[in-house]
Amino acid sequence: MGWLSRFLTAVTFLAVGVIFSPESFGSKSDSHHSPKIFTYIKLAHLLCFSTAWGAAIWVTFIGGIIMFKNLPRHQFGNLQSKMFPAYFSMVGVCCAVSVASFGYLHPWKTSATTEKYQLGFLLSAFAFNLTNLFVFTPMTIEMMKQRHKVEREENIGGEVGWSKNVEVAKVNPKLAAMNKKFGMIHGLSSLANIMSFGSLAMHSWYLAGKLNL
């Protein structure tokens, strides 16, 4: 199934869900605002939050680890250099929509302290993703390319895992220095990603408390 077919299938299921939602059958709302507008805003918030949350779980704890353990290291790095900008862009957009929709549903002046904290968590996730997208990811990719060049001169990088890099770095000061610099930049990027994930986790706990099953 191609990308367009998958997208149209997802949109179709979403449209069916909207048609059969309670509001579509005339359910009343205690709010003086249009219940349909509120439902659409809540839907935007939930879809964007869940997309960001699911993507963060997959990339941070599953997909990246599986690829690292099974792909030649240079191939893995080149693939990650294409995936991470897309990942941080998507999660950043989703966080932006979540912030906007949550802020609309919970105006600052009339919100409880809990809602204000939740808005802060969403803003934090958004900020950490932007930092990764515009600061740490470009730095990491550039450093990776420089290290790949040195490793190719040493005829390494086509293996799975770090073993050959570690061995060569013991007798190659230039590679050792690059490893240290790359590790620092990549570590900051990973920290920002984990902080974003943690902020989204706090919001997931809040949303779970709102469920009335």
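None of these values were measured; they are calculated from a predicted model.
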> How close do Ala56 and Tyr87 get, heavy atom to heavy atom, and via which atoms?
Replying inline: CA-OH, 3.3 Å
> How about Thr110 and Pro107: do any of their side-chain heavy atoms sit closer than 4.5 Å?
Replying inline: yes
> Which pair of non-hydrogen atoms, one from Val99 and one from Leu119, has the smallest distance, and what is that distance?
Replying inline: O-CD1, 3.8 Å
>> On a heavy-atom basis, which atom in Leu200 and which in Leu122 lie closest, and how many Å separate them?
In response: CD2-CD2, 4.5 Å
> Can we call the ring centroids of Phe121 and Tyr206 under 6.0 Å apart?
Replying inline: no
>> Can a donor-acceptor pair be found, under 3.5 Å and without considering hydrogens, that links the side chain of Glu159 to the backbone of Gly157?
In response: yes
> Thr140 side chain to Phe136 main-chain N or O, any donor-acceptor pair under 3.5 Å?
Replying inline: yes
> Between Leu79 and Ile62, is there a shared hydrophobic cluster once you connect ILVMFWY residues whose side-chain heavy atoms come closer than 4.5 Å?
Replying inline: no
> Taking all atoms of both residues into account, what is the closest heavy-atom pair of Phe88 and Ser189, and its distance?
Replying inline: CZ-OG, 4.5 Å
> Roughly how far, to the nearest 0.5 Å, is the CD1 atom of Ile156 from the CG atom of Leu175?
Replying inline: 5.5 Å
> Can you tell me if His45 uses its side chain to pair, donor with acceptor, with the backbone of Ser98 under 3.5 Å?
Replying inline: yes
>> Please enumerate all residues that pass side-chain hydrogen bond (donor to acceptor under 3.5 Å, both in side chains) together with Gln80, with sequence neighbours excluded.
In response: none
>> Nearest 0.5 Å, please: how far is CD1 in Ile141 from CG in Asn78?
In response: 10.0 Å
> Is the shortest side-chain N to carboxylate O distance from Lys164 to Glu154 below 4.0 Å?
Replying inline: no
> Do Asn132 and Asn193 have side-chain N/O donor and acceptor atoms under 3.5 Å apart?
Replying inline: no
> Does any pair with a residue in residues 114-127 pass salt bridge (charged side-chain N to carboxylate O under 4.0 Å, His left out), and if so which ones, sequence neighbours excluded?
Replying inline: Glu115-Lys210
>> For the CD atom of Gln118 and the CG atom of Leu123, what is their distance to the nearest 0.5 Å?
In response: 11.5 Å
> Does CE in Met195 sit with more than 12 non-hydrogen atoms of other residues, nucleotides or ligands closer than 6.0 Å?
Replying inline: no
>> Please confirm whether the ring centroid of Phe102 lies under 6.0 Å from the ring centroid of His203.
In response: yes
> In the single-linkage hydrophobic clustering (I, L, V, M, F, W, Y; side-chain heavy atoms under 4.5 Å), do Leu71 and Met144 co-cluster?
Replying inline: no
> Taking all atoms of both residues into account, what is the closest heavy-atom pair of Ala169 and Ala176, and its distance?
Replying inline: O-CB, 3.6 Å
> Looking only at atom types and distance, does a side-chain atom of Asn129 sit under 3.5 Å from a main-chain N or O of Ala125, one as donor and one as acceptor?
Replying inline: yes
> Are Phe38 and Phe49 grouped together when hydrophobic residues (ILVMFWY) are joined by side-chain heavy atoms under 4.5 angstrom apart?
Replying inline: no
>> Measuring from atom CG of Asn179 to atom CE of Met143, what distance do you get when rounded to the nearest 0.5 angstrom?
In response: 8.0 Å
> In terms of side-chain heavy atoms, does His106 have a donor or acceptor partner in Ser111 at a distance below 3.5 Å?
Replying inline: no
> Once you round to the nearest 0.5 Å, how far does CE of Met83 lie from CE of Met67?
Replying inline: 4.0 Å
> With distance as the sole test, does Ser50 use its side chain to make a donor-acceptor pair with the main-chain N or O of Leu47 at under 3.5 Å?
Replying inline: yes
> Are Phe197 and Val97 connected in the hydrophobic side-chain network, where two residues link if heavy atoms are under 4.5 Å apart?
Replying inline: no
> Between Phe76 and Val160, is there a shared hydrophobic cluster once you connect ILVMFWY residues whose side-chain heavy atoms come closer than 4.5 Å?
Replying inline: no
> Of all heavy-atom pairs between Cys48 and Cys94, which one has the smallest distance, and what is that distance?
Replying inline: O-CB, 3.3 Å
>> If I take atom CE from residue Met178 and atom CD from residue Gln146, how far apart are they, to the nearest 0.5 angstrom?
In response: 5.0 Å
